[in-house]
Amino acid sequence: QQQVKQSPQSLIVQKGGISIINCAYENTAFDYFPWYQQFPGKGPALLIAIRPDVSEKKEGRFTISFNKSAKQFSLHIMDSQPGDSATYFCAASKGGSGNTGKLIFGQGTTLQVKP
Amino acid sequence: GAVVSQHPSWVICKSGTSVKIECRSLDFQATTMFWYRQFPKQSLMLMATSNEGSKATYEQGVEKDKFLINHASLTLSTLTVTSAHPEDSSFYICSVPGWGTSGRSQYFGPGTRLTVT
């Protein structure tokens, strides 16, 4: 019930293409779904996050799509750039609107954007 | 967001010694901080929740006597790895709750690379 499953494990996209990473969760009590970007040797950086009261959120080239009934959410990176090459983690937690609670992370996706 | 620092950024120690890692929240007062461990090419695993003014809450399977956590103030939490062994070599990262565009969010420090020889 605490798992978050992420796919694919790795992804290669041409520059300018769309990168899509998917996550599925089991615990219906989760109410906060962030995506993090991590470069080698660095801490994860918060990219974008969504709460279950909306089905989509967009910030710049990054969009989260959220399907509450299917218990799935995905990250879309539009116009992918070589600088986007990194590892991406989805996560989920429960804690109410005032808290994030403990984050449960997906397995991670290594994205390579080819020039 | 929140700005989080960690010190040191990397440390090498000998087996059997203890190492202290600091996590500071530079712009938020945090009653709660989180400590994660990440092995190479793996995901982040929550080790414990650091609570200001009270005992830390450890995740199942994490030895609380080995990984000592002290939340000394609203801006500082420390993780001490006691009697370190080579299998403790890992990337240790802390996180701090803060406010972002999605409301309450979590922000991570830059991490500390521990190598035990």
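Quick note on labels: first sequence line is chain A, next is B, and so on, each numbered from 1. A quick note: this is a predicted structure, and the numbers were derived from the prediction, not measured.
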### Task
Report, as yes or no, whether the 6.0 Å neighbourhood of atom NZ on B:K66 holds more than 12 heavy atoms from other residues, nucleotides or ligands.
yes
### Within-4.5 Å side-chain heavy-atom neighbours: B:I93 and A:Q38
yes
### hydrophobic_cluster_shared for B:V62 and B:L114, side chain cutoff 4.5 Å
yes
### Query
Are more than 12 heavy atoms from other residues, nucleotides or ligands located less than 6.0 Å from atom CD of B:E87?
yes
### Message
Is there a path of hydrophobic side-chain contacts, each under 4.5 Å between heavy atoms, that joins A:F33 and A:L75?
### Response
yes
### From CZ (A:F89) to CD (B:Q38), nearest 0.5 Å
5.0 Å
### Query
Checking heavy atoms, do the side chain of A:I48, its backbone, both or neither come under 4.5 Å from chain B?
neither
### Task
Is it possible for you to say whether A:L47 and A:F30 belong to one hydrophobic cluster, with membership spreading through side-chain heavy-atom contacts below 4.5 Å?
yes
### Query
Where along residues 39-56 of chain B does a heavy atom come under 4.5 Å of chain A, listed by residue number?
B:Q42, B:S43, B:L44, B:L46, B:T49
### Message
Is there a continuous path of hydrophobic side-chain contacts, each under 4.5 Å between heavy atoms, that joins B:L68 to B:Y92?
### Response
no
### Message
I need the minimum non-hydrogen distance between A:Y36 and B:Q106, along with the two atoms involved.
### Response
OH-O, 2.6 Å
### Query
More than 12 heavy atoms of other residues, nucleotides or ligands under 6.0 Å from NZ of A:K42: is that the case?
no
### Message
Looking at B:H85, I'd like to know if its NE2 atom is crowded, meaning that more than 12 non-hydrogen atoms belonging to other residues, nucleotides or ligands lie closer than 6.0 Å.
### Response
yes
### Task
Measure distances from A:P44 to the heavy atoms of chain B and classify the residue's part below 4.5 Å as side chain, backbone, both or neither.
both
